[in-house]
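These values consider heavy atoms only, across backbone and side chains, with no hydrogens, waters or symmetry-generated copies. We count residues from 1, following the sequence as given. Whatever order the structure lists ligands and atoms in, that order sets their numbers, starting from 1.
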Amino acid sequence: MAWSREETISRSEMRETQLAKMRKTVDYVYGKNPYYKKRLDEIGVKPGDIKSLDDVRRLPFTTKMEIRDNYPFNLFTAAQEDIVEYHATSGTTGKPVVVGYTRNDIELWKEVMARACTGADITSKDVVQNMFGYGFFTGGLGAHYGGIRVGAAVIPISGGGTQKQIMVMQDFGTTAITATPSFLMHVCEVGEQMGVDFKKLKLRTGLFGAEPWSETMRQTIQERFGIMACDIYGLSEIIGPGVSFECHEVRNGLHVNEDFFYPEIINPETGEVLPYGETGELVITTIGNEGQPLLRFRTRDITRLSLEPCACGRTLVKMARLSGRTDDMLIIRGVNFFPSQIESIVIKRQGISPHYMIVVERDGSMDEVNVQIEVTEDFMVKAAADVLAGSARNILSDVEVARKKVENIRHDIKEIVGITAGVTLVPPGTIPRSEGKAKRVDDRRPK
Ligand code: DLL
């Protein structure tokens, strides 16, 4: 059973709903948001020009960069006094992308998250252990709102604290989990080492997402925990989790809440809209948001849409699980970042060259990041001269300088990017040079 009537309406009713909400949205941003008004005026489109859903193609795209350039609030359409909650996510440089929610946006979020919880068969009888991080990240509060809306008991435990997670799971009788798949796998490994048999607990179902995860990972989670593992997708710019979700009956793609988030698939090179069934970049227009509505936001996520009927009875269009991104954004243990953020930390230091490589590996179920950075020739020459001169004191001081550099870079990566990374200094010339675009990421994780 779906949570809301809109999830099962006919295609024609859905299209009517979408068109009405699309027109309202364009009218709203044109009237209230100077940035969008200017952009629409530049291309000569007026709100009244949107007469059918095909006319959506006339609207301009919005990119993550544009939101960041309007940091913090210039892309907000609602008045500041109507904003009741902020969230933020990483941008391509140090400045985050900020999102503001009005009271109605929070209601909308609760609605779509209630649909996702229902999709995963989470009901008022469940005890939900919410392992998504609370804070600027939308996972924690998003899952929290959804759990409360369906009447479940939510444990706001947030991420981390593996042993406590296991204790709570046993003692509170947790029946449902919401988490990033990689963190859950970590909990699994630690628990199994402690001799815990998760299948003997009351666990039954879960919603997992915020990062790419494979079918194999799903099978592993289902088997080792004895639960149903449903995928949930979303992104901060649009609302957070709840843009689309899987139903537990079928679990082969995610229903898009398309009465709130109008999806299109485009060719990322040309911007041309592709028909259903073809793979390309997902573009979303929010047709219900008030705080920061976005026209044709380029998610950079690669997927395809399908209208094939689903056995669960929902008629919402389905999107395939993501098959990658069109940009170089990495997601490590649920934290999104761009190689350029590491670069801005690395290059400003003395004795360090601008050549670096971000190596991503999987250790068990956890992703590990190691940043290899070349030292400069000068730094090497001095160190080599000290070794040749046999001056113990100078050699020790060189080692100390190198150790401090590593320490500082590690600290800054943790502070600014939010991930714990290993840092290794390597001799000049070690990092392969490329003739075209520099390759900054060596992703060795199994696909
Ligand atoms: O990750 C929101 C979220 C929280 C989704 C909890 C699901 C569960 P951001 O931090 O802005 O928002 O990251 C958004 O994460 O563009 C995708 O590239 C990736 N992503 C999100 N969900 C999935 C998923 C949250 N189910 C970016 N599968 C998106 C693969 C996902 N990638």
- Message: Less than 3.5 Å apart, any donor N or O on the side chain of S244 or N257 sitting next to an acceptor on the other?
- Response: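 Side chains of S244 and N257: no pair found under 3.5 Å.
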
- Distance-only polar pair, side chains of T62 and Y36, donor-acceptor under 3.5 Å: yes

- Can you tell me if D367 uses its side chain to pair, donor with acceptor, with the backbone of I332 under 3.5 Å?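 No.
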
- Can you list the atoms of ligand 1 that are under 4.0 Å from a heavy atom of Y233?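 Selected atoms, number and element: 21 (C), 22 (N), 23 (C), 26 (N).
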
- Find all atoms of ligand 1 within a distance of less than 4.0 Å from any non-hydrogen atom belonging to G209, and give their numbers and elements. 7 (C), 8 (C), 26 (N)

[atom]: which protein heavy atom is closest, and how many Å away?
atom	result
atom 11 (O) of ligand 1	S236 OG, 2.5 Å
atom 10 (O) of ligand 1	N336 ND2, 3.1 Å
atom 18 (O) of ligand 1	D301 OD1, 2.7 Å
atom 25 (C) of ligand 1	G234 O, 3.6 Å
atom 28 (N) of ligand 1	E211 O, 3.2 Å

Region of [X] engaging ligand 1 - heavy atom pairs below 4.0 Å:
X	answer
R325	side chain
I331	side chain
L235	both

- Message: If the condition is ring-ring contact (aromatic ring centres under 6.0 Å, His included), which residues does Y145 pass it with, not counting sequence neighbours?
- Response: W109

- To atom 26 (N) of ligand 1, the nearest of V97, T89, D231 on a heavy-atom basis is D231

- Any nitrogen or oxygen of G139, main chain or side chain, under 3.5 Å from a nitrogen or oxygen of ligand 1?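 It does not: no N or O of G139 is found under 3.5 Å from an N or O of ligand 1.
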
- Item | N or O contact, A210 vs ligand 1, cut-off under 3.5 Å |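 Yes, A210 has an N/O under 3.5 Å of an N/O on ligand 1.
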
- Mind jotting down which residue pairs meet the salt bridge (charged side-chain N to carboxylate O under 4.0 Å, His left out) criterion with at least one end in residues 156-177? Sequence neighbours excluded, please. none

- Query: Is the shortest side-chain N to carboxylate O distance from R218 to E223 below 4.0 Å?
  - Reply: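 No, this pair does not count.
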
- Item | Plane angle bin for Y134 and H144 - parallel if under 30°, tilted between 30 and 60°, otherwise perpendicular |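 Because their plane-to-plane angle is over 60°, the rings of H144 and Y134 count as perpendicular.
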
- Task: Compute the centroid of each ring, for F73 and then for Y86, and state whether the two points are separated by less than 6.0 Å.
- Result: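 F73 vs Y86: aromatic centres under 6.0 Å.
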
- Validation row, ring centre H87 to ring centre Y101 under 6.0 Å: yes

- Item | ligand 1 contact by G142, heavy-atom criterion under 4.0 angstrom | no

